[in-house]
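Have a look at the structure below, then the notes.
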Amino acid sequence: MALAANDRSSRNRGHESQRAWLEHGSRLPWLHWLVIGTSVIFTLLAWRYTVALVDERARARFERLTSQAVDLVHDRFDDYSDALRSGAGFLAASERVTLGEWYAYTAALELDQRFPALRAFGVAYLVAPASRDRFVRALRRDYPGSDVYPEHDGRVQLPVSLIWPSHYEEKAIGLDLAREPSRRDALRRALATGAPQMTERVSLGVSGKEGLIIMTPFSRDAGTGGEYEPARGVMLATVYASELLTGLNGDQDRRLAIRMSDQDGTVYEDANYEPAASDTRFTMEHKFSMFGRDLVFETRSTSAFHDESMFSLPSIVLAVALLIDVLIFVVIFTLIQANQRSRHYTVTLRRERRQLAGANRELSVVNAELENFGHMLSHDLRTPLNGIQLLIDCAGQDLAEANVDPAVREEIMTLLSRMERQVDRGKALIAGMLDYAGLGAGDPESSRVDVREMLVDIGEGLQLEPDRLQLPDELPVLQTCNTRLNQVFANLVGNAVKYHPTPDTARIRIEACEQRGMMRFAVDDDGAGIEPQYREKVFELFQTLQDQDDVESSGVGLSIVRKSVEQVGGTIVLEQADSGGARFVFTWPNELPGAA
């Protein structure tokens with residue numbers, strides 16, 4: 001007994017010790033504070049080391065960004081050169097470029113997508129004063145009323161004859177690019193070198209903004225036709241100075257301030273470029289020649305660059321360390337709370353599992369009873385159909401042996417055949433309803449379904465003449481579930497007749513087309529239609545819009561339709577037909593998944 005008492009006493013002390021540890025866990029935070037303190041020390045050391053190295057790394061990064069920007073400028077100018085040389089080759093290979101050919105050519109180049117800063121791309125022919133009148137007559141062939149302008153005393157004229165984009169045509173066509181010295185100088189250099197040449201920053205005549213003009217010369221054989229076609233000219237591209245470097249350095253939070261100049265002055269300058277800015281730490285200068293101009297590319301670091309390079313790394317280290325400390329505290333606190341709640345959760349979970357197991361047993365019993373009921377109901381419905389089938393067979397045999405008029409025999413045989421098809425449809429509908437309700441075994445059977453034959457059978461069952469059930473010229477043959485698709489069409493066509501104000505005159509039109517791997521069917525009628533507020537309600541189970549005394553309806557037809565369509569992955573919507581009636585549009589797969 002003494003030993004038992006000691007054992008109980010030991011267990012009690014153990015339980016009390018555990019409870020004390022859970023209740024007073026905050027008395028043992030030394031490991032937690034040790035981790036936080038170590039993190040803070042390493043953070044300070046890392047910050048001091050980062051500050052010592054950040055200047056060197058920032059300079060290397062600035063030089064790398066500057067080099068990338070210079071390379072991108074070269075690439076952009078090379079793209080302009082390629083486009084201009086391509087156009088020059090196109091002009092040189094053509095005896096005469098029509099307006100339609102020009103539109104097609106510029107559309108194929110996709111200028112607005114490939115060259116974001118390009119504002120105009122065109123052709124200007126070199127015209128001697130003596131040939132001006134002949135050139136103007138040829139120009140007015142595509143642009144009536146156009147002329148060469150403005151007047152000047154130069155020895156040559158360089159009027160724009162083709163231009164992209166086309167909305168510049170009214171102002172640009174006939175504009176003489178040789179009207180002032182800078183443009184004439186670029187033209188002279190282009191003709192002398194045979195390579196692209198660029199003007200200084202000039203005022204563009206069409207928009208009035210300042211920009212650059214790049215010219216590439218071309219020459220071709222003189223035309224053999226009766227109309228005047230100049231043999232020489234230039235391909236030209238214009239770029240707004242303010243958009244010259246658009247997209248190269250980002251539009252927001254720029255890390256570099258850029259200015260580009262040539263021997264005649266500034267070509268481009270960022271809005272945030274300040275030569276005397278006190279916070280600028282790094283500057284670089286690159287000199288290169290491009291299109292006959294001596295360019296100077298200057299870059300300066302900005303406050304955004306300084307913030308990102310100088311302070312972001314230490315701040316991130318500090319923030320991560322603090323975040324880790326907070327997460328450690330949250331984890332410890334959460335574990336303590338979870339430990340206190342675990343027993344309660346365990347008891348609750350066991351109780352709920354017992355309740356769920358009981359509910360599952362009850363549900364299994366109910367499902368078994370429903371399945372038995374469904375099969376019994378199916379057997380009871382099939383029995384009279386089988387009896388009708390037997391009577392049809394007997395009647396057919398008796399008719400074969402009876403001595404009746406051939407015309408009467410043929411009419412009776414037609415009626416018996418129609419009755420037999422209705423019996424088959426009834427059996428198929430029973431199987432389909434079992435499948436819809438989840439009582440059928442396995443997946444729905446897939447077979448080859450001729451939609452035209454299916455719709456003809458439905459029309460005959462409803463005694464619809466061909467002009468009242470209008471079918472398109474082409475209807476598909478699908479590998480699908482015959483019963484489900486028949487349910488859909490039979491319900492939609494049947495409802496179109498049943499709910500028509502005058503069923504004997506109802507007209508239904510079927511449409512079919514392929515849409516993204518699915519067949520899109522439409523069933524239109526010329527009835528009274530369905531108001532928009534009821535177009536979702538009609539798909540609900542046991543919902544009808546008319547009094548059941550007026551129209552015999554169970555209210556499940558359209559519910560079956562929607563579920564059948566959705567089970568095969570399709571959709572169905574109700575719209576208003578052009579005739580004012582109802583228009584049901586649904587999609588159906590060409591082949592059921594897993595079908596052979």
Side-chain angles (χ1 to χ4, degrees), residues 75-115 117-144 146 148 156-169 172-178 183-184 186-199 206 212-239 290-292:
D75 291 342
R76 173 156 295 182
F77 279 124
D78 288 343
D79 289 342
Y80 293 153
S81 177
D82 292 342
L84 289 170
R85 291 181 185 275
S86 172
F90 173 67
L91 267 294
S94 304
E95 181 176 313
R96 175 179 178 270
V97 177
T98 65
L99 198 58
E101 291 172 342
W102 172 254
Y103 288 156
Y105 173 73
T106 53
L109 288 180
E110 298 179 343
L111 297 171
D112 53 344
Q113 299 178 19
R114 296 174 54 196
F115 307 100
L118 188 65
R119 284 297 167 260
F121 185 78
V123 178
Y125 289 116
L126 195 63
V127 179
S131 303
R132 169 176 174 161
D133 293 339
R134 295 176 58 200
F135 173 78
V136 169
R137 286 195 298 271
L139 186 64
R140 289 176 178 174
R141 176 183 56 211
D142 292 326
Y143 303 102
S146 60
V148 177
V156 295
Q157 294 177 319
L158 193 66
V160 177
S161 303
L162 296 170
I163 193 69
W164 172 94
S166 57
H167 63 260
Y168 281 162
E169 290 177 351
I173 295 300
L175 181 62
D176 191 351
L177 297 182
R183 291 172 171 85
R184 287 198 296 270
L187 173 62
R188 177 186 55 77
R189 287 186 280 111
L191 295 176
T193 61
Q197 298 294 314
M198 184 169 66
T199 68
V206 175
L212 305 174
I213 303 176
I214 309 172
M215 302 180 186
T216 298
F218 68 87
S219 61
R220 61 187 180 187
D221 296 334
T224 58
E227 296 182 347
Y228 176 69
E229 293 293 339
R232 302 177 67 193
V234 296
M235 290 295 303
L236 62 97
T238 63
V239 183
M290 182 65 66
F291 300 150

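Being a predicted model, the structure only gives us computed values, none of them experimental.
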Counting N and O atoms only, with roles assigned by atom type, does the side chain of [X] sit under 3.5 Å from a partner on the main chain of [Y], one being a donor and the other an acceptor?
{"X": "Arg184", "Y": "Ala178", "result": "yes"}
{"X": "Thr106", "Y": "Trp164", "result": "no"}
{"X": "Thr98", "Y": "Glu101", "result": "yes"}
{"X": "Arg220", "Y": "Pro230", "result": "yes"}
{"X": "Asp176", "Y": "Val148", "result": "no"}
{"X": "Arg140", "Y": "Ser146", "result": "yes"}
{"X": "Thr193", "Y": "Ala195", "result": "yes"}
{"X": "Gln113", "Y": "Glu110", "result": "no"}

Test side chain to side chain contact (heavy atoms under 4.5 Å, CB included) on Leu158 and Leu236 and set out the steps. CA-CA 11 Å; Leu158 193 66; Leu236 62 97; over 6 Å; no
With side chain to side chain contact (heavy atoms under 4.5 Å, CB included) as the test, would you mind laying out the steps for Val123 and Leu91 before giving the verdict? CA-CA 9 Å; Val123 178; Leu91 267 294; 3.9 Å; yes
For Arg183, check salt bridge (charged side-chain N to carboxylate O under 4.0 Å, His left out) against everything at least two apart and list the hits. Glu180
Is the shortest side-chain heavy-atom distance between [X] and [Y] below 4.5 Å?
{"X": "Arg132", "Y": "Gln157", "result": "yes"}
{"X": "Phe121", "Y": "Leu109", "result": "yes"}
{"X": "Met215", "Y": "Pro196", "result": "no"}
{"X": "Thr216", "Y": "Val234", "result": "no"}
{"X": "Val156", "Y": "Val127", "result": "no"}

Parallel, tilted or perpendicular for Phe90 and Tyr105, by the 30°/60° rule? parallel
Parallel, tilted or perpendicular, judged at 30° and 60°: which one describes the rings of Phe115 and Tyr80? tilted
Inter-residue atom distance [X].[atom1] - [Y].[atom2], 0.5 Å rounding:
{"X": "Leu126", "Y": "Phe218", "atom1": "CG", "atom2": "CZ", "value": "9.0 Å"}
{"X": "Arg189", "Y": "Met198", "atom1": "CZ", "atom2": "CE", "value": "8.5 Å"}
{"X": "Met235", "Y": "Ser81", "atom1": "CE", "atom2": "OG", "value": "12.0 Å"}
{"X": "Met290", "Y": "Leu212", "atom1": "CE", "atom2": "CG", "value": "12.5 Å"}
{"X": "Thr199", "Y": "Ile213", "atom1": "OG1", "atom2": "CD1", "value": "5.0 Å"}
{"X": "Asp142", "Y": "Ile173", "atom1": "CG", "atom2": "CD1", "value": "9.0 Å"}

When you look at Ser161 and Phe135, which way does the side chain to side chain contact (heavy atoms under 4.5 Å, CB included) test go after all the steps? CA-CA 10 Å; Ser161 303; Phe135 173 78; 3.1 Å; yes
Does a donor on one side chain sit under 3.5 Å from an acceptor on the other, for Tyr168 and Thr238? no
What pair of heavy atoms forms the shortest contact from Ser219 to Ala92, and how long is it? O-CB, 3.4 Å
Compare every heavy atom of Ala88 with every heavy atom of Pro217, then report the nearest pair and how far apart it is. O-CB, 3.8 Å
More than 12 heavy atoms of other groups within 6.0 Å of Arg232 CZ: no
Run the side chain to side chain contact (heavy atoms under 4.5 Å, CB included) check on Leu187 and Leu177 step by step: do they pass? CA-CA 9 Å; Leu187 173 62; Leu177 297 182; over 6 Å; no
